[in-house]
Structure formats: structure tokens, C-alpha cells
**Q** 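Take this structure first; my questions come after.
Only a predicted model underlies this, so the values are computations on that prediction, with no experimental measurement involved. We use all heavy atoms of the structure for the numbers below, so side chains are in, but hydrogens, waters and symmetry mates are not. Counting starts at 1 for both ligands and their atoms, following the listed order.
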Amino acid sequence: MASEGPRPLVAGNWKMNGSLTMLKEPRLLAAMLKDVRLKADVMVCPPAIILRRVKSVLKGTKIKVGGQDSHWNPSGAHTGDISPEMLKEAGCSAIIVGHSERRTNHGETDETIQKKAKGVQRAGLTAIICIGETLEERKAGKTLEVVSRQLKGSVPENSDAAHTVIAYEPVWAIGTGLTPTTAEVAEVHAHIRKELAAIMGAEGTATRILYGGSVKPSNAAELMSQPNVNGALVGGASLKAADFLGIIKVYT
Ligand code: PEP
């Protein structure tokens with residue numbers, strides 16, 4: 001049973017996984033969801049190189065496609081980068097920004113992430129802005145402080161609910177099989193909701209807050225039933241249609 005609030009979103013982040021042989025998974029997912037009435041939006045975020053192919057496999061279905069990262073500029077001399085406008089042209093409706101792997105492996109700061117989120121919104125897409133504390137920060141009792149700082153630093157001014165999603169992803173829970181307790185998730189999400197109201201006003205109430213970090217079919221129902229949890233950002237368990245479906249089914 002899912003909690004009340006904005007229409008949930010279950011988004012799958014394939015990260016640097018997937019090749020043309022993996023196209024069978026979204027095809028399978030679409031077939032499995034064909035006659036299912038969902039109370040949530042579903043999205044897959046494949047690597048950019050196969051985005052158009054995934055989009056074409058999902059044509060005619062309600063499953064949306066998103067990007068994993070983008071530059072803040074619409075075009076220019078930025079070798080290796082992709083702009084939000086390009087991802088929009090490839091069929092994306094949202095782009096993840098500020099994933100902890102970008103923050104850690106690419107030194108992205110809240111300032112960079114805010115610029116990226118602004119670029120995504122400029123293109124008319126939804127920025128899925130990731131935040132979350134490290135294990136050291138949690139152990140030091142700094143979780144809420146870190147989350148507040150990241151929100152204030154990375155959510156662009158004048159953001160609205162249609163173009164903003166927050167993904168709370170404790171860094172120590174990503175890909176580890178560990179998850180916070182449901183009480184801890186509820187505490188952080190309530191705090192994020194309060195901070196969003198301060199940053200975004202009334203739009204903050206309608207903004208979706210996803211939980212991410214080792215979500216799987218066996219724990220999804222419990223995590224998704226917490227107040228202010230409006231869906232999930234899923235890594236590993238989004239790679240196989242059957243596992244992803246096991247999570248999505250929370251919203252039937
Ligand atoms: C993620 O990286 O966004 C994520 C939540 O990964 P996983 O589900 O594998 O922990």
C-alpha cells in the first residue's frame with residue numbers, strides 16, 4: 001500500500017549497464033505492464049548511447065525514458081557531454097542530476113548540480129535531483145543537516161513540482177543491500193518535505209520525493225508505504241524486467 005501525496009514515480013537508473021542485447025528487458029517490462037492499471041509513473045534511464053533504441057521499444061506504452069546526466073548548456077564546446085535539449089530530442093522527459101556517483105567520481109558540487117538542474121528545466125524536462133548522506137555523516141548525526149545543505153544548494157530558484165523530483169539516496173545504501181529503517185526514511189523524507197516548502201513554497205508540497213538505495217521487490221512495499229515517499233529511484237533491481245516489475249507492482 002502506497003502513501004498519499006503526489007502521483008508516485010518509479011524510475012530505473014541503468015547506470016553504465018546495458019547493450020543492445022538488453023533491449024529485451026524493456027520489451028518484456030512493457031508486455032508485463034500492458035494490462036496493468038498503475039497508480040504511478042514508470043521510467044527507465046538507460047545509457048545515452050541506447051536511449052533512442054529503448055525509446056523505440058517503448059513506443060506506444062506509458063513507460064517514460066530519462067537521461068542519467070546532462071551538461072547545463074544547450075550546446076557548445078563540451079567534449080563528451082550531452083545537453084538536456086539533445087536528451088529531449090532523443091525522447092527523454094526527465095534527467096537525473098547529482099547522483100552520488102557523479103558527486104564522488106566527477107567531483108560535482110551542489111553548485112554544479114544546480115546549474116545542471118536549471119539546464120534540465122530550461123529544456124522543459126524534469127530534473128531528478130539526487131541528495132543523500134555518506135555513512136560517516138549519518139554516524140556523526142549529520143544526515144538532516146547534509147540533506148538541507150544539498151537541497152538549498154542544488155534546487156534552482158523558481159523550481160516547480162512538474163519539473164522537479166528529489167531523490168533521497170543515502171550513499172551507503174546504494175548498491176550495498178543496506179537500507180535505512182523505515183522510521184529513518186520517514187524522518188528524512190518529512191524533513192525534505194519541510195525544506196521544500198521553504199524553498200519552493202506551495203510547489204514543495206506537490207514535488208515528488210523518491211527513496212533510492214537497495215530498493216528491491218522484497219522491501220519496496222514497506223519503503224514505499226512511508227509518508228512522503230512518492231516512489232523510488234532504483235539501480236540494480238531495474239536491470240531485470242521481473243525485478244523492476246516486482247517493485248512497480250507496489251503501485252497496482
Ligand atoms: C542508485 O544508484 O540510484 C541506486 C538506487 O542503486 P541501487 O538500487 O542499486 O542501490
**Q** Looking only at protein heavy atoms, which one is nearest to atom 3 (O) of ligand 1, and what is the separation?
**A** E169 OE2, 2.7 Å

**Q** If you count the atoms of ligand 1 from 1 in the order shown, which ones are under 4.0 Å from a heavy atom of G213?
**A** 5 (C), 10 (O)

**Q** One thing to verify: whether R103 and D110 come together as a salt bridge, which I'm taking to mean a side-chain N less than 4.0 angstrom from a carboxylate O.
**A** yes

**Q** Suppose we measure from atom 2 (O) of ligand 1 to each protein heavy atom; which comes out shortest, and what is that distance?
**A** K15 NZ, 2.5 Å

**Q** Suppose I only count heavy atoms of I174 and a 4.0 Å limit; which atoms of ligand 1 are within that range?
**A** 1 (C), 2 (O), 4 (C), 6 (O), 10 (O)

**Q** Would you please determine whether S214 falls within less than 4.0 Å of ligand 1 on a heavy-atom basis?
**A** yes

**Q** Look at E157 together with K118 and state whether they make a salt bridge at an N to O cut-off of under 4.0 Å.
**A** no

**Q** Is there a donor-acceptor pair under 3.5 Å between the side chain of E203 and the backbone N or O of M200?
**A** no

**Q** Write out the residue and atom name of the closest protein heavy atom to atom 1 (C) of ligand 1, then the distance separating them to 0.1 Å.
**A** H99 NE2, 3.2 Å

**Q** Only heavy atoms of G175, strictly under 4.0 Å: list the atoms of ligand 1 that pass.
**A** 7 (P), 9 (O), 10 (O)

**Q** At less than 4.0 angstrom from any non-hydrogen atom of A173, what atoms of ligand 1 do you find?
**A** 10 (O)

**Q** Does some side-chain heavy atom of V97 sit less than 4.5 Å from a side-chain heavy atom of E108?
**A** no

**Q** Can we say D243 and K216 salt-bridge, meaning some charged N sits less than 4.0 Å from an Asp/Glu carboxylate O?
**A** no

**Q** So which of I113, T164, I129 actually passes side-chain contact (heavy atoms from CB on, under 4.5 Å) with P156?
**A** I129

**Q** Between S100 and ligand 1, which part of the residue brings a heavy atom under 4.0 Å of the ligand: side chain, backbone, both or neither?
**A** neither

**Q** Atom CD of residue position E137 - does it have more than 12 heavy atoms of other residues, nucleotides or ligands inside 6.0 Å?
**A** yes

**Q** Write out the residue and atom name of the closest protein heavy atom to atom 8 (O) of ligand 1, then the distance separating them to 0.1 Å.
**A** G235 N, 2.8 Å

**Q** Give me the nearest non-hydrogen protein atom to atom 9 (O) of ligand 1 as residue plus atom name, then the distance to 0.1 Å.
**A** G236 N, 2.8 Å

**Q** Salt bridge check: are E136 and K142 linked by an N-O gap of less than 4.0 Å?
**A** no

